[in-house]
Visitor: 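The structure that follows is given in the form of structure tokens.
Indexing begins at 1, ligand by ligand and atom by atom, following the structure's order. Since this is a predicted model, take the numbers as computed values, not measurements.
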Amino acid sequence: MTSKLALLGGPPTISAPGPHFSWPPMDDRTDLRVLAQLQRSISIYDRSGVIAELETALQDYFGVQHAVLTSSGTAALHSTYAAAGIGPGDEVIVPAYTFLATVTPLLHLGAIPVLADCDETGNLSVSDVAARITPKTTAIMATHMWGIPADLTALRALADEHNLLLLEDGSHAHGAAVAGQKVGSVGNIAAFSMNGPKPLSAGEGGFVLTDDDEVYYRLLLFGHYNKRCKTEIPPDHPLHRFAVTGLGLKFRIHPLAAAIALVQLLDLDDYLVGRAELAEVLGDELSDTEGISVPKLQGDVRSAWYGYPVIYAEEELDGLPIERFYEALHAEGLIEVDRPGSTCPLNLLPLFQDPRPLFPWHPNANQIRYEPGQFPVAERLHARTLKLPVWHRQQDISLARQYAAGFRKVVGLHHEL
Ligand SMILES: *Cc1c(COP(=O)(O)O)cnc(C)c1O
């Protein structure tokens, strides 16, 4: 603490070159599995081989009837809304604070995204959702921000009370749970990304979960036409006759990506146990530090710790702007500290301020006119968020402690800035 800030020429807290975090962890098992798949098949049209193996493993892990793999999380979300029957004129209440792909598929379906604010946790405010329900509302979509579960109990009750579907975007939160109940198993349909940095990674990929047979058939028809629809939709089902074409889109995952995820899934619970320990280290080291606050889990909650949001309060540090604080942290060698960019309140993005130039055919585009200032909690939180990665290995505990020490150093010497 006596040493000078690195930004002003002092020695940095961390001098080890980066990156200090990489994801996903891989070892020989991944290499062997991918090589074996390369020799077996790199194109799978039905529910067989590694596709069936991974879908069955996901069904078992989440305790659901059906899992459908997709080429991305965005494709999983698009399929989710389509299989739910959402279309023109339907309003879907979605978080203002989420990644844009939680919401963009609704525009492609001609539906109306109704943004709702979050609470201090970053997850949907249940009271704000309730206030936005209208006779046109058909569903509520919840994201589990940075891996911390949204209030699924309250959202489920609200959805049931109004006869709405509850949908989940679990892309930050594979394996996160409330009272032992995993996120993705509470909503009627749940979509997940398996993009590179996500807690369960395939490099590129996604999946959809549901207990509903009819939804399962519609998921298949939306993005998995021909062979898979022919074998999975019962011949006596009224939708079977569309098996050859489905809706004509193709959203299949690559078998090599599925092979990567299959190995990752074996270790997911160990990763989460490790991350919980490291998140506790960060919490212990940072919780009494002026100018920042750290997440506190309420009750019997397991986070997937996709990120560790640290909320900055410049008023506690003599008005030091977050940009300058961030710059000082990076100068200290805390290169993994991130200010989230594209994961932001969606009302700040031009697409949600006026989608008409990109969706000229959208029947209700003139109702989708958001502007800055409409979601004060989300906007305030976003403006103050610094995100840390959450490591999972014992040998990274000292690195996590060094990151915390860097924060404390900058806070302690902030008057120099
Ligand atoms: C990553 C992500 C997506 C999109 O997933 P892709 O696999 O990149 O298409 C959607 N929603 C959330 C919350 C995400 O984090």
Visitor: Using ring centroids (six-membered ring only for Trp), state whether Trp305 and His172 fall under 6.0 Å.
Guide: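 Aromatic pair excluded; centres sit 6.0 Å or further apart.
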Visitor: Applying a strict 4.0 Å limit to heavy atoms, is Lys198 in contact with ligand 1?
Guide: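 Yes.
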Visitor: Measure the CG-CD1 distance between Leu221 and Ile233 for me, rounded to the nearest 0.5 Å.
Guide: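 If I round to the nearest 0.5 Å, the distance is 4.0 Å.
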Visitor: Could you tell me whether the side chains of His20 and Tyr403 share a donor-acceptor contact shorter than 3.5 Å?
Guide: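 Indeed, the side chains of His20 and Tyr403 share at least one donor-acceptor pair under 3.5 Å.
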Visitor: State the atoms of ligand 1, each with its element, that fall below the 4.0 Å cut-off from a heavy-atom position in Ser72.
Guide: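 Those atoms are 7 (O), 9 (O).
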Visitor: Of Asp169, Thr98, Thr74, which has the heavy atom at the shortest distance from atom 4 (C) of ligand 1?
Guide: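 Heavy atom nearest to atom 4 (C) of ligand 1 belongs to Thr74.
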Visitor: Is the distance from the ring center of Phe222 to that of Phe251 below 6.0 Å?
Guide: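 Ring centroids of Phe222 and Phe251 are less than 6.0 Å from each other.
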Visitor: Could you tell me which atoms of ligand 1, counted from 1 in the order shown, lie closer than 4.0 angstrom to a heavy atom of Asn195?
Guide: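 The list of qualifying atoms is 7 (O), 8 (O).
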Visitor: Are Glu323 and Arg339 within salt-bridge range, i.e. N to O under 4.0 Å?
Guide: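 Salt bridge: yes.
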Visitor: Checking a contact table here: which protein heavy atom is nearest atom 3 (C) of ligand 1, and how many Å away?
Guide: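 For atom 3 (C) of ligand 1, the nearest protein heavy atom is Phe99 CD2, 3.6 Å.
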Visitor: Heavy-atom contacts with His172 under 4.0 Å: which atoms of ligand 1 show up? List them by number with element.
Guide: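 Those qualifying, in numeric order: 13 (C), 15 (O).
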Visitor: What are the atoms of ligand 1, with element, lying closer than 4.0 Å to any heavy atom of Thr102?
Guide: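 The atoms of ligand 1 under 4.0 Å from a heavy atom of Thr102 are 11 (N), 13 (C).
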Visitor: Can you tell me if Thr343 contacts ligand 1 (heavy atom of the residue under 4.0 Å from the ligand)?
Guide: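 No, Thr343 has no heavy atoms under 4.0 Å from ligand 1.
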Visitor: For Glu379, is there an ion pair with Arg384 - N to carboxylate O distance below 4.0 angstrom?
Guide: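 Judged by the 4.0 Å cut-off on N to carboxylate O distance, Arg384 and Glu379 do not form a salt bridge.
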Visitor: Could you state the interatomic distance from CG (Leu256) to CD (Glu204), rounded to the nearest 0.5 Å?
Guide: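 Here the interatomic distance stands at 13.5 Å.
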Visitor: Under 4.0 Å from a heavy atom of Gly73: which atoms of ligand 1 are those, numbered in the order shown and with their elements?
Guide: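 The list of qualifying atoms is 5 (O), 6 (P), 7 (O), 9 (O).
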